[in-house]
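We count ligands from 1, going down the list as the structure has it; atoms in each ligand are counted the same way.
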Amino acid sequence: MVADLSRFLSRRTEYTRVSIVREILKIAEGREIISLAGGLPDPASFPKKELGEIAKQVIEQHGDLALQYSPTRGIRPFREELSRFMERHGIPAKPEEILVTTGSQQAIDVVTKTLINPGDTIALGLPTYLAAINTFRVYEARFLGIPVDEEGMNTEVLEERLRECKSKGVHVKLVYTIPTAQNPSGVSMSMERRKHLLELAEEYDFLVVEDDPYSYFTFEPVEYKSLKAMDRGGRVIYMSTFSKILAPGLRIGWIAADKELTDYFELTKQHMDLHTPTLSQFIAMEALRRSVIERHLPRVVELYRRKRDAMLSAMEQHFPEGSRWAKPVGGLFIFAYLPEGIDTYKLLPKAVDRGVAYVPGNSFFVDGGGRNTLRLNFSNPPIEKIEKAISILGTLFKEALDR
Ligand SMILES: Cc1ncc(COP(=O)(O)O)c(C=O)c1O
């Protein structure tokens with residue numbers, strides 16, 4: 001046995017070894033708990049019958065191609081279908097501007113690996129998506145945290161910070177944002193701020209990463225336009241995924257960006273995994289051709305809207321006075337701000353003892369803030385469990401306030 005194998009590890013694994021979600025799973029192991037911690041879609045939302053038929057036909061009829069290696073960029077007819085799908089949702093992208101990725105998690109990784117040197121600055125929301133933060137950390141980015149309020153990332157504050165950075169000779173290279181139904185806060189960026197962000201991108205010369213898993217299925221009609229659709233300067237790197245609109249197990253995501261940038265992203269991806277699984281691409285392509293996603297989405301919306309509303313009314317009933325949260329128009333989460341003084345990280349083991357898990361919100365803030373916040377998933381648990389879990393959490397938080 002080699003002694004202390006950890007001495008062989010690279011420095012970047014420091015960032016991959018800490019995971020709040022893994023810690024939660026460890027505490028919860030072997031117990032019967034209601035998990036509001038993950039971000040899993042409801043399996044009832046998977047179109048299993050249609051996908052089963054498609055998978056069988058794809059292998060029987062196109063097996064020679066579908067089971068073979070394929071180009072790093074993604075198979076051409078699939079990129080054409082994706083381009084048409086985006087067009088139908090008002091987001092223009094040519095097939096040659098698209099790179100198919102292994103989930104949008106890989107899209108984040110590919111973009112960061114291609115663009116970010118150690119010490120480069122990325123501006124992002126306070127709070128923002130945890131797995132993106134972790135990826136940026138692995139590439140040793142510096143952060144500029146920008147508050148998120150009920151209209152999304154506050155671009156007035158962003159402008160001030162950009163001005164300060166410029167005066168100190170610091171160039172902000174990327175702004176990472178999830179403009180519609182942000183994970184974790186659930187809020188969407190107003191149209192005014194979207195315009196402002198793109199103006200700032202020109203003025204301060206940065207690129208914008210628009211991470212957009214949720215705009216294809218909102219619970220109420222919205223008027224938001226995607227940043228990609230508004231982009232005149234070719235500065236928006238758009239990414240999305242089939243994880244929430246079809247099935248995460250397929251691991252299909254994509255990037256749509258200026259062709260020159262997409263060419264660089266393709267080179268980066270090539271030595272990561274050669275290409276996204278060909279079989280998954282064939283299945284997703286057929287699902288698009290047969291309108292499975294478009295037929296299926298209204299059911300997903302209905303299912304998640306009911307669950308969101310059940311969670312919101314349980315929170316209204318049980319959470320302590322002085323708590324606040326945004327009503328998300330989409331996505332899978334509600335993000336709550338509890339009265340100051342409640343520390344959701346410290347309270348987590350107690351919550352798990354009582355049978356409920358959540359993600360303490362602190363991990364979504366790169367500035368160490370948000371100790372009184374938490375993220376709650378409504379897509380996965382059944383409604384009765386959502387109601388029970390929220391009542392347990394409400395009691396716990398009220399007790400913590402009384403002490
Ligand atoms: C904002 C955001 N980006 C990216 C992802 C990653 O999704 P996937 O890798 O399954 O496409 C998620 C999943 O929850 C997400 O919420």
Side-chain angles (χ1 to χ4, degrees), residues 19-21 35-43 45-46 74 82 85-86 98-113 122 124-136 138 148 152-153 174-189 208-218 224 226-228 236-256 265 269 272-273 276-277 280-281 283-284 287 293 300 304 308 328-335 358-359 361 363-366 375-380:
S19 156
I20 182 68
V21 177
S35 178
L36 307 180
L40 304 186
D42 188 333
S45 76
F46 303 150
L82 271 176
F85 175 67
M86 289 177 71
I98 293 175
L99 171 70
V100 179
T101 57
T102 306
S104 57
Q105 184 59 37
Q106 188 186 52
I108 297 171
D109 202 348
V110 165
V111 168
T112 319
K113 195 172 192 177
I122 302 177
L124 36 65
L126 296 171
T128 200
Y129 178 50
L130 177 58
I133 297 177
N134 288 341
T135 303
F136 300 150
V138 165
V148 168
M153 182 187 281
L174 277 189
V175 171
Y176 170 77
T177 177
I178 307 150
T180 303
Q182 198 233 27
N183 179 357
S185 70
V187 300
S188 300
M189 195 188 266
V208 177
V209 174
E210 177 178 30
D211 188 356
D212 183 33
Y214 302 118
S215 76
Y216 298 94
F217 63 107
T218 55
Y224 303 122
S226 114
L227 292 169
K228 176 88 174 78
V236 175
I237 300 162
Y238 177 91
M239 54 181 67
S240 189
T241 175
F242 276 38
S243 290
K244 325 293 174 178
I245 56 176
L246 192 59
L250 289 171
R251 306 310 299 133
I252 295 280
W254 74 96
I255 296 173
F265 296 147
K269 178 177 160 74
M272 291 166 84
D273 65 353
T276 298
S280 283
Q281 293 186 59
I283 292 172
I293 296 179
V300 179
Y304 289 172
R308 175 202 64 179
V329 291
L332 315 178
F333 310 102
I334 298 175
F335 196 72
Y358 58 80
V359 185
S363 34
F364 302 96
F365 288 79
V366 293
R375 192 191 72 176
L376 301 162
N377 167 259
F378 58 76
S379 59
N380 192 257

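- Counting heavy atoms only, D211 comes closest to atom 3 (N) of ligand 1 of the residues I252, T241, D109, D211.
- If you check which protein heavy atom lies closest to atom 12 (C) of ligand 1, you get Y129 OH, 3.3 Å.
- Using cut-offs of 30° and 60° on the angle between ring planes, the pair Y238 and W254 is tilted.
- Within the 4.0 Å heavy-atom shell around ligand 1 one finds Y214.
- No side-chain heavy atom of I283 sits under 4.5 Å from any side-chain heavy atom of L246.
- The closest heavy-atom contact to atom 7 (O) of ligand 1, among the options A107, G38, S104, comes from S104.
- The CG atom of D211 lies 4.5 Å from the CD1 atom of I108; values are rounded to the nearest 0.5 Å.
- With hydrogens left out, the protein atom closest to atom 10 (O) of ligand 1 is S243 OG, 2.6 Å, a heavy atom.
- Partner Y129 forms a side chain to side chain contact (heavy atoms under 4.5 Å, CB included) with one of N134, T135, N183 and no other, that one being N183.
- The shortest heavy-atom distance from P248 to ligand 1 is not under 4.0 Å.
- Heavy-atom contacts of G103 reach the following atoms of ligand 1: 9 (O), 11 (O) (cutoff under 4.0 Å).
- Contact of the T177 side chain with the V208 side chain is registered, since non-hydrogen atoms from C-beta on lie closer than 4.5 Å.
- Between T180 and S188, the side chains place no donor N or O within less than 3.5 Å of an acceptor N or O (distance only, hydrogens not considered).
- Close approach of ligand 1 to R251 (heavy-atom distance below 4.0 Å) involves ligand atoms 8 (P), 9 (O), 10 (O).
- Checking only distances, K244 does come within under 3.5 Å of ligand 1, N or O to N or O.
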